[in-house]
Enquirer: 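Please find one structure pasted underneath; my questions will follow.
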Amino acid sequence: EPEVTQTPSHQVTQMGQEVILRCVPISNHLYFYWYRQILGQKVEFLVSFYNNEISEKSEIFDDQFSVERPDGSNFTLKIRSTKLEDSAMYFCASTKGRAPLYGYTFGSGTRLTVV
Amino acid sequence: GDSVTQMEGPVTLSEEAFLTINCTYTATGYPSLFWYVQYPGEGLQLLLKATKADDKGSNKGFEATYRKETTSFHLEKGSVQVSDSAVYFCALSEVATSYDKVIFGPGTSLSVIP
């Protein structure tokens, strides 16, 4: 069964450093997403991406965050200057069509620890 | 705004017991409803879904029926196994408010003991 692949599985970074989280969505999917889950808290929507542009973003997704699909297969989330409160599990997801009808296929996540 | 409420956990059951995890939602229109499962150390997996009232989603012995009159989508399984130990998330997505965003409940942790 096709999978969404995320790398690395765990990233430790110093506060203020830039990090890039990488995702390879399922090849025939068209919609891409990032969610995060702070330990013990809800899974929160960050951003959705379609046709090479952001289609929706949450209030969490401020100027420190950006997304890119640089080469038609990878989908990346960049945090420019990490803060302690960015420590969380970050999940990438993709869908063939719109989320309300299809539901997501999630990757297994990247645990980001900011120290 | 839209929201999802789930019964608080953790829930601990013996193997072969009956499982119910309650989920209720608040939405302005007609959302699609989902259950996701997160096994230890893994990402979220779509377990089942229902896109309109009275639909029943089912998968791997789990079922949930979309009840518009009670705004509920309770998850049930007749006989749980140790391998069902995981965190279960109820979720909704509503085209009227967002084409893309899925709103998750807080999750309910289930432990099944032999």
Side-chain angles (χ1 to χ4, degrees), chain A residues 1-7 9-10 21 23 25-26 29-51 53-61 67 88-111, chain B residues 1-6 8-10 23 25 27-52 55 57-60 62 64 66 73 86-109:
Chain A
E1 189 169 327
E3 289 183 345
V4 174
T5 305
Q6 289 187 243
T7 55
S9 57
H10 191 190
L21 309 183
C23 170
I26 293 173
H29 284 189
L30 301 174
Y31 299 82
F32 314 110
Y33 311 85
W34 284 100
Y35 278 75
R36 78 172 185 190
Q37 184 182 29
I38 295 173
L39 186 64
Q41 297 187 27
K42 281 189 182 184
V43 179
E44 301 173 296
F45 172 79
L46 291 178
V47 66
S48 57
F49 190 86
Y50 170 69
N51 202 25
E53 60 183 25
I54 290 173
S55 47
E56 187 172 351
K57 60 182 181 179
S58 72
E59 60 276 6
I60 302 168
F61 195 88
V67 289
M89 280 290 286
Y90 288 81
F91 293 106
C92 174
S94 67
T95 61
K96 189 181 295 187
R98 242 52 211 249
L101 292 178
Y102 284 80
Y104 296 136
T105 301
F106 279 95
S108 55
T110 294
R111 180 173 297 283
Chain B
D2 295 354
S3 66
V4 177
T5 303
Q6 290 179 237
E8 289 195 22
C23 169
Y25 67 89
T28 52
Y30 301 94
S32 296
L33 301 174
F34 307 88
W35 278 99
Y36 284 83
V37 58
Q38 186 177 29
Y39 297 104
E42 299 185 14
L44 294 95
Q45 300 176 27
L46 179 63
L47 181 60
L48 53 83
K49 67 180 179 182
T51 57
K52 60 183 189 297
D55 268 2
S58 61
N59 186 24
K60 298 182 183 179
F62 291 89
Y66 189 142
F73 192 56
V87 181
Y88 292 83
F89 294 89
C90 187
L92 72 80
S93 184
E94 186 172 20
V95 171
T97 52
S98 166
Y99 274 109
D100 297 311
K101 184 166 59 178
V102 172
I103 295 169
F104 287 85
T108 301
S109 175

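In what follows, every chain begins at residue 1, and chains take the letters A, B, ... in the order their sequences are listed. The shown structure was predicted, so the numbers you read here are calculated from the model rather than taken from an experiment.
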Enquirer: Write down the atom of B/Phe89, the atom of A/Val43, and the distance for their closest heavy-atom approach.
Expert: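 Nearest heavy atoms, B/Phe89 then A/Val43: CE2-CG2, 4.0 Å.
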Enquirer: Contact part of A/Tyr50 toward chain B, heavy-atom cut-off under 4.5 Å: side chain, backbone, both or neither?
Expert: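 Contact with chain B is absent: no heavy atom of A/Tyr50 under 4.5 Å.
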Enquirer: If you count every heavy atom of other residues, nucleotides or ligands that lies below 6.0 Å from A/Lys42 atom NZ, does the total exceed 12?
Expert: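 It does: A/Lys42 NZ has more than 12 such atoms within range.
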Enquirer: Just list the side-chain donor-acceptor pairs under 3.5 Å for residues 33-43 of chain B, sequence neighbours left out, or say none.
Expert:
{"residue": "B/Trp35", "atom": "NE1", "partner": "B/Phe73", "partner atom": "O", "Å": "2.8"}
{"residue": "B/Tyr36", "atom": "OH", "partner": "A/Tyr104", "partner atom": "N", "Å": "2.8"}
{"residue": "B/Gln38", "atom": "NE2", "partner": "A/Gln37", "partner atom": "OE1", "Å": "3.4"}
{"residue": "B/Gln38", "atom": "NE2", "partner": "B/Glu42", "partner atom": "O", "Å": "3.2"}
{"residue": "B/Glu42", "atom": "OE1", "partner": "B/Gln45", "partner atom": "NE2", "Å": "3.3"}

Enquirer: Under a 4.5 Å heavy-atom cut-off, does chain B meet the side chain of A/Ser108, its backbone, both or neither?
Expert: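 Both parts, backbone and side chain.
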Enquirer: Tell me whether the centres of the aromatic rings in B/Phe104 and A/Phe45 are closer together than 6.0 Å.
Expert: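 B/Phe104 vs A/Phe45: aromatic centres not under 6.0 Å.
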Enquirer: Let me confirm one number: the CE-CG distance from A/Met89 to B/Leu44, rounded to the nearest 0.5 Å.
Expert: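 The CG atom of B/Leu44 is 9.0 Å from CE of A/Met89, to the nearest 0.5 Å.
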